[in-house]
2 protein chains.
Amino acid sequence: MTDANGGFDEMDIELLRCVESDFDVSLDALSEELDLSKSAVHYRLNKLKDRGVIEGVTADLDPLSFGLDMVAITEVSVTHEQGYSESIGADLAALAGVEQVYYTMGDVDFVVISRVQDRTQMNAVIEEMVAVEGVNETSSRFVMDEITSRPRVIDAMPEAARSRVVEE
Amino acid sequence: MTDANGGFDEMDIELLRCVESDFDVSLDALSEELDLSKSAVHYRLNKLKDRGVIEGVTADLDPLSFGLDMVAITEVSVTHEQGYSESIGADLAALAGVEQVYYTMGDVDFVVISRVQDRTQMNAVIEEMVAVEGVNETSSRFVMDEITSRPRVIDAMPEAARSRVVEE
DNA sequence: AATGAAATCGACCAGCA
DNA sequence: TGCTGGTCGATTTCATT
């Protein structure tokens, strides 16, 4: 988790694209896919982990398997005795049911994504948001569908962004 | 990827909590953490994958390593010649720079999260959104900070939700 | 569902371009 | 620095309970 950006070659990018979509493959498979020896793949993976480019390897769970099929986007504005924003954001993120918190510029201060099983739980989450010290007002929208459920850094990256970090 | 919800025991939940935060651990570590034999851990993991509870195992990449430090939330409304919404959502999700698309109820139709390197790229993304057939209007906000960057299904789940899917 | 043994795979090391 | 090939330890698989 030390270095800035830059310093990738095409092989790194291809490798990252592979493991970002599926790390549950054998070194052999990667090795064949990339025309590189197993050892070299292993070497590069380790380096990318050390550099902090690969932050971790995680299992992606299906929310529906837990009945978590209700998602809402809530805009939260706070009373502007400035400076508390950081802790308010942390408080919001810590609430059960909250998945993601964005601190934004503009009229609204936070955008919160939450995911629960039903309306009862959703009401509970929103009430807890209102109860957070410093929160002034909330406005929620229900999500009917999510299109790209998992962030995919490499695939979502614009061409201009990609070419800027790839060397030679 | 077949079954509905329910049908977890405490051990499943603990195991899922572990691998959702870090799957880059040895079976030994999991086995010790959970007081279960290595084989049993392996058996349960396989079952959870077969059931589709574990959708996959992926490497989490650090966007900053690619200079992707600008995030925006864009509200997109469409011209209501209804029925095209699905394909519009897919079109938005396919744009370079777009990470996540939510289809929502209410005055606004889509909420789009996008991530790029700078304002030039951000302008390009937003222009492409406007150019999508059926898109009527957009309104963007810049994100200054993200609090819970990775969705963690188990940890974010409310107690009420958790107890409903855990048996015995 | 869980176990232990046998086959397979991945991590690490010394050396090489 | 980036890679190779080989070794050892870990993991996956399978027959068995």
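Chain letters run A, B, ... following the sequence lines, proteins first, then strands; residues in each count from 1. Below, each value reflects all heavy atoms present in this structure, side chains not excepted, and no hydrogens, waters or symmetry copies. Just so it is clear, the structure is predicted and the values come from calculations on it, not from any experiment.
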- Message: Using a 4.0 Å heavy-atom cut-off, does B:Lys38 contact any base of the nucleic acid, only the sugar-phosphate backbone, or nothing at all?
- Response: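 The answer is base, as B:Lys38 lies within the cut-off (heavy atoms under 4.0 Å) of a base atom.
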Rounding to an integer number of Å, can you tell me how far [X] [atom1] sits from [N] [atom2]?
X       : N      : atom1 : atom2 : value
A:Arg51 : D:dG2  : CZ    : P     : 9 Å
B:Leu15 : C:dA1  : CG    : C1'   : 14 Å
B:Lys47 : D:dT13 : NZ    : P     : 17 Å
A:Arg44 : D:dC3  : CZ    : P     : 4 Å
A:Glu32 : C:dC9  : CD    : C1'   : 15 Å
A:Leu36 : D:dT1  : CG    : C1'   : 14 Å
B:Asp50 : C:dA1  : CG    : C1'   : 14 Å
A:Phe23 : D:dT11 : CZ    : P     : 14 Å

- Going by an N to O cut-off under 4.0 Å, is there a salt bridge joining A:Glu159 and A:Arg162?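 Yes, A:Glu159 and A:Arg162 are salt-bridged.
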Would you mind telling me which of [options] lies closest to the side-chain atoms of [X]?
X       : options               : answer
A:Ser37 : D:dT4, C:dC9, D:dA10  : D:dT4
B:Asp28 : D:dA10, D:dT12, D:dT4 : D:dA10
B:Leu27 : D:dT11, C:dG10, C:dA2 : D:dT11
A:Ala40 : C:dC12, D:dT12, D:dC3 : D:dC3
B:Ser39 : D:dT11, D:dT13, D:dG2 : D:dT13

- Item | Min side-chain heavy-atom separation A:Val25-A:Glu33 under 4.5 Å |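 No, side chains not in contact.
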- Message: If hydrophobic clusters are built from ILVMFWY residues whose side chains come within less than 4.5 Å, do B:Leu92 and B:Tyr102 share one?
- Response: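 Different clusters.
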- Under 3.5 Å donor-acceptor, A:Gln117 side chain and B:Ala161 backbone: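 At least one qualifying donor-acceptor pair exists.
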- Please indicate whether A:Met11 has more than 12 foreign heavy atoms, meaning atoms of other residues, nucleotides or ligands, lying under 6.0 Å from its CE.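 Atom CE in A:Met11 is packed in, count exceeds 12.
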- Between A:Asp24 and A:Tyr43, name the one whose nearest nucleotide on DNA chain D is closer to the 5' end.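 Residue closer to the 5' terminus by nearest nucleotide: A:Tyr43.
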- Query: Can you find a side chain N or O atom of A:His42 that sits less than 4.0 Å from OP1 or OP2 on C:dA11?
  - Reply: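 Answer yes for this pair, as a side-chain N or O of A:His42 is under 4.0 Å from OP1 or OP2.
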